[in-house]
Amino acid sequence: MPMEKTFNAAEAEPRLYAEWERVGAFRAGANAKPNADPFCIMIPPPNVTGSLHMGHAFNNTLQDILVRWHRMRGFDTLWQPGQDHAGIATQMVVERELAKSQQPGRREMGREAFLDKVWEWKEQSGGTIINQLKRLGASCDWDRNAFTMDAHFQQAVIKVFVDLYHKGLIYRGKRLVNWDPHFETAISDLEVENTEVAGHMWHFKYPLAGGETYEYVERDAEGEVTLREVRDYISIATTRPETMLGDGAVAVHPSDARYAPIVGKLCEIPVGPKEHRRLIPIITDEYPDAAFGSGAVKITGAHDFNDYGVAKRNGIPCYRLMDTRATLRADGAPYAEEAAKAQAIVEGKAFTEAEIDAINLVPDAYRGLDRFEARKAVVADITAEGLAVMVPVTTPDPETGEPVTSHVPYVENKPIMQPFGDRSKVVIEPMLTDQWFVDTAKIVQPAIDAVRDGRTVILPEQHEKVYFHWLENIEPWCISRQLWWGHQIPVWYGLDLFQTGFADDEGDNALDEVEIFRLLNEGAFNHGDPRHHCAADLDAVCEAFKAYLAALPAPLHAARVVEVADQHAAIEALATCLAEYNLSQDPTHLVYPVWRDPDVLDTWFSSGLWPIGTLGWPTDTPELERYFPTSTLITGFDIIFFWVARMMMMQLAVVDQVPFRTVYVHALVRDEKGKKMSKSLGNVLDPLELIDEYGADAVRFTVTAMAAMGRDLKLSTARIAGYRNFTTKIWNATRFAEMNGVFIGPRPTGIPQPRHTVNRWIIGETARVREAVDEALAGYRFNDAANALYAFVWGKVCDWYVEFAKPLFDGEDAEETRDTMAWVLDQCYILCHPIMPFLTEELWELTAPPIGRAKPLVHADWPTYRASGLLDPAADREMTWVISLIEEIRSARSQMHVPVGLRLPMVLVEADGAARTAWQRNESLIQRLARIDSLTEAAAPKGAITIAAEGATFALPLDGVIDVAEEQARLTKALEKLEKDLNGLRSRLDNPKFVASAPEEIVEENREKLALGDEEAGKIRTALARLADMG
RNA sequence: GGGCGCGUAGCUCAGCGGUAGAGCACUACGUUGACAUCGUAGUGGUCACAGGUUCGAUCCCUGUCGCGCCCA
């Protein structure tokens, strides 16, 4: 049955993929040669909520190319797939689903029920991206598909946390973190997008305490006084007036002479009830920029990263103003009491961090306000009180038109950088909270060293700089998230009974009523910070707590450790059992309640363990042994920090080995105008739609051909359509071969050894492209591989070889030509397969010899032949001559407007031996392709077009047809161009310095070019002279 | 402000010491034994600008001007 006219991708792709899966073609080690070297790629795990976008399509195409290429070459290959549980994103998706279906929300249903819902959702929808990757043709070992929340993976993550904790590399602390008020969780600074937005800078007066005054002097650059006045205030500029409520100080630069007189004094925060105005000190610090604003900066340590630094350096308290939703706090005592506590601190009273955090300095009137509402209120109140800095503004009177000067609050409109959550899109609030951190400074060095000394190579090289820069300035990594979906932190807390001064007064190993009463009624144990222990599970943690309990007075020392929900439940449980004990005096019911840290780990903490975790660590599995460290990681530059750097740090910290040998960082896929694809811009190309329309192979080939290292892809459907045409081209070349009986009958094994130049030539060209492809892929120059194949298949095989073969099928070389063509097409399928797996596999099967193929193409042996072995220089030279002669004739004919269909006689004017041989051996194909019907040897006839070939001159007699002027113009133009080149060559060769200093082969090459050019120029001049005679 | 990168044909981009290439687009012609998702031929470039190094610079160095991205 003859082949269809085009490849039906939509029909073939699912069928072929299913067959690959059926035979286990992608399994780890499939098609491996004995004792093969391993080759392993870890997929960058897509979010379980994810669906395939162009970035994935690009990223996974490149991975698949490397994997298929290695598998065909007989490596022991593993492409490890999997998904990431994506804490925030998944929780968001499921919460949205619940809301949509009118189900109770997360908080209503509680943690356990909610997590069940998440798992339910995961089972239903979590496989989306897997199927989409299959449509792309990704040859992952799906039997090994991993998930960061798999039981095994969870164990690995928890083990790493516990290990790092016990090594002192993880700690808990109250730190300023990026707080997402929408999700009510901390996020890492990498999850914050800083965007410039229109903002305002307000200027307010902070009155000096006790009405004190000073002389404020401003000078210009020359030191001349420009302003001198007596002030009773210090002027402060701020973009966030609502944070004034939490100010702990005003800071000026130590060198700022303007404020030197008042450093060390107190000033008043000009907001809040007048009778309870707080006083804060004026301090010096290097942070304020004297040239910016007024030069004086208010310090709100709990709500600004720079201020936090100043506060820490100077012992300034950090007052938290907001709750988890970034509304102004409504907890605590009335403002008057709280302000008094803060005042006591200024006056030197010692407070603990927890006590400071408990102070709510939000004036009663502002409590519960949204932060942006609070800002308005603060500004309005200060302005009303006359403490805004005023500036004169002159405007024309609306009636008289006379200029009128009035004073208005000084508010600058200026762009400010504002942090937004990359998922929630709400303004991120720096917030002082208790979080867990990885002490990255302690584990960063091995990750830096590994890249410095080349154990891991990052390509393209420029990304190494980015990597080093980030690691060398590493910040502690906040790994706790106030979410439910994820790996819950393996830390349990228990009440610290000692801290309260609890004791067995009589030392009688029994709690008497007085002692229990103290615990219960004074609730003393409620005040201290809880104790905590870290361990893989509750049993292990109980052991740790038992050591603590042992030191407690009897009978509490033997209390049973039980797990409760939280601190509140713990207090209640302890109270209950003590009360019961008081009645029963039965110590066996005494319990020591502990509760687990409710937070989960940053998703990147778990994906940081992806390489070892998916291979079975901590169990010493054969896979871990075999495939780790992995070979290559292919990823986008946007997650070098998020993921690559963290995998490097964590693998080195946990197993002391680099996770991969090479990191290939690819660029971004943009739209055809170079814009980032985004839903809001509506310029997103959906890879699945593109696959539907053009086929997966076309999409894959397109992104591969555009994958120049370090350069973004500007993708357009026109480009994809172009490469879809390329798939059709291969298809039709095969169809041609099929129609000419190429695939009928037995085929010789091995590389054909034909006699005819054409066949010998194409084999040499095939060897060339095989080397080019291997070299390109080895260097991660995917675009070079794709372009080499495109040029070979279309430009060599289809444009020339197929055309040359046509006459040969009728002659004595028909059989070897069929054999050669079958072999050449096989090589096309094999070499193109990593990039275009579907089309090539289909053709591989369609063109199978009668006895069938030994293996499917996905496992076909990748060739190793070399140009040095297969290329016949004589054939190569000859075919180059033939091709350029045909092109010359075609070009001349076309320019002379010779009708395409007209067959012309040709005259051989002169020729050397090589040219004569070349002609004789290829006469039929030249005649056919150049539309020549005969060749006679004669002097150049009058009125003929001249064709100059290497070593020969031909003429096409066109008496009467040719336009002399046009032919003159054609030849003159050719001569001019040639002369320009020749002049360049001559002047270079005439330069003694060139001959002396340029490499020998370059000089020789130039001489040859000059000689050849001179010969051709001579022929053209002769032809022009003849034309002149005619005129 | 700091860092990284990019300015090459109308467009998208390769090339990165030996005097410029591809694809698309465009123009003309064309159904020749596979392919109109095609064929043949052609038009089109001071390789951003200015200096420098070199026998020779699109390529290396310095500066200028534009444009991106990342980090403050």
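A note on names: the letters A, B, ... follow the listed sequences, proteins ahead of strands, and every chain is numbered from 1.
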Counting any heavy atom closer than 4.0 Å, what does [X] reach on the DNA or RNA strands: base, sugar-phosphate only, or nothing?
X: A:Pro992; result: nothing
X: A:Arg724; result: base
X: A:Val900; result: sugar-phosphate
X: A:Arg893; result: nothing
X: A:Lys1009; result: sugar-phosphate
X: A:Asn787; result: nothing
X: A:Ala718; result: nothing
X: A:Glu803; result: base
X: A:Pro419; result: nothing

Listing, residues 690-699 of chain A side-chain donor-acceptor contacts under 3.5 Å, not counting sequence neighbours, or none:
unit_1: A:Asp692; atom_1: OD1; unit_2: A:Arg135; atom_2: NH1; d: 3.1
unit_1: A:Asp692; atom_1: OD1; unit_2: A:Arg135; atom_2: NH2; d: 2.9
unit_1: A:Asp697; atom_1: OD1; unit_2: A:Phe838; atom_2: N; d: 3.1
unit_1: A:Asp697; atom_1: OD2; unit_2: A:Leu839; atom_2: N; d: 2.7

Please state the [atom1] separation for the pair [N] and [M] - nearest whole angstrom.
N: B:U32; M: B:G17; atom1: C1'; value: 45 Å
N: B:C70; M: B:C11; atom1: P; value: 25 Å
N: B:C65; M: B:G23; atom1: C1'; value: 30 Å
N: B:U8; M: B:G3; atom1: P; value: 25 Å

Given [options], the nucleotide with the shortest approach to the side chain of [X]:
X: A:Asn725; options: B:C55, B:C38, B:G18; value: B:C38
X: A:Thr728; options: B:C35, B:C4, B:G18; value: B:C35
X: A:Arg735; options: B:C35, B:G5, B:G18; value: B:C35
X: A:Asn783; options: B:G23, B:A14, B:C55; value: B:A14
X: A:Arg719; options: B:U37, B:U12, B:G18; value: B:U12
X: A:Val802; options: B:A72, B:C35, B:A34; value: B:A34
X: A:Glu887; options: B:A41, B:G23, B:G18; value: B:A41
X: A:Lys729; options: B:C69, B:G39, B:G23; value: B:G39

Is the base of [N] touched by the side chain of [X] through a donor-acceptor pair closer than 3.5 angstrom?
X: A:Glu888; N: B:A41; result: no
X: A:Arg890; N: B:U40; result: no
X: A:Lys465; N: B:C4; result: no

Can you pull out the residues from residues 810-827 of chain A that lie within a 4.0 Å heavy-atom distance of RNA chain B?
A:Asp810
Ion pair present between A:Arg1007 and A:Glu1004, side-chain N to carboxylate O less than 4.0 angstrom?
yes
Would you say [N] has OP1 or OP2 under 4.0 Å from some side-chain N or O of [X]?
X: A:Lys993; N: B:G56; result: no
X: A:Ser891; N: B:G42; result: yes
X: A:Lys973; N: B:U43; result: yes
X: A:Lys5; N: B:A36; result: yes
X: A:Trp794; N: B:G39; result: yes
X: A:Asn1006; N: B:G18; result: no

Once Watson-Crick and G-U wobble pairs under 3.5 Å are found, how is RNA chain B written in dot-bracket notation, 5' to 3', with | for any base paired to another strand?
((((((((.[[[[.)..(..]]]].(((((.......))))).....[[[[[..)....]]]]]))))))).
If the condition is side-chain hydrogen bond (donor to acceptor under 3.5 Å, both in side chains), which residues does A:Tyr780 pass it with, not counting sequence neighbours?
A:Thr632
Under the salt bridge (Lys or Arg N to Asp or Glu O under 4.0 Å) rule, what pairs show up with a residue in residues 880-906 of chain A, not counting sequence neighbours?
none
State whether a side-chain donor-acceptor pair under 3.5 Å links A:Asn983 with A:Arg986.
yes
Can I get a per-line list of side-chain donor-acceptor pairs under 3.5 Å for residues 787-805 of chain A, giving both atom names and the distance, sequence neighbours left out?
unit_1: A:Asn787; atom_1: ND2; unit_2: A:Asn783; atom_2: O; d: 3.0
unit_1: A:Tyr801; atom_1: OH; unit_2: A:Asn759; atom_2: OD1; d: 2.6
unit_1: A:Glu803; atom_1: OE1; unit_2: A:Lys806; atom_2: NZ; d: 3.2
unit_1: A:Glu803; atom_1: OE2; unit_2: A:Lys806; atom_2: NZ; d: 3.1

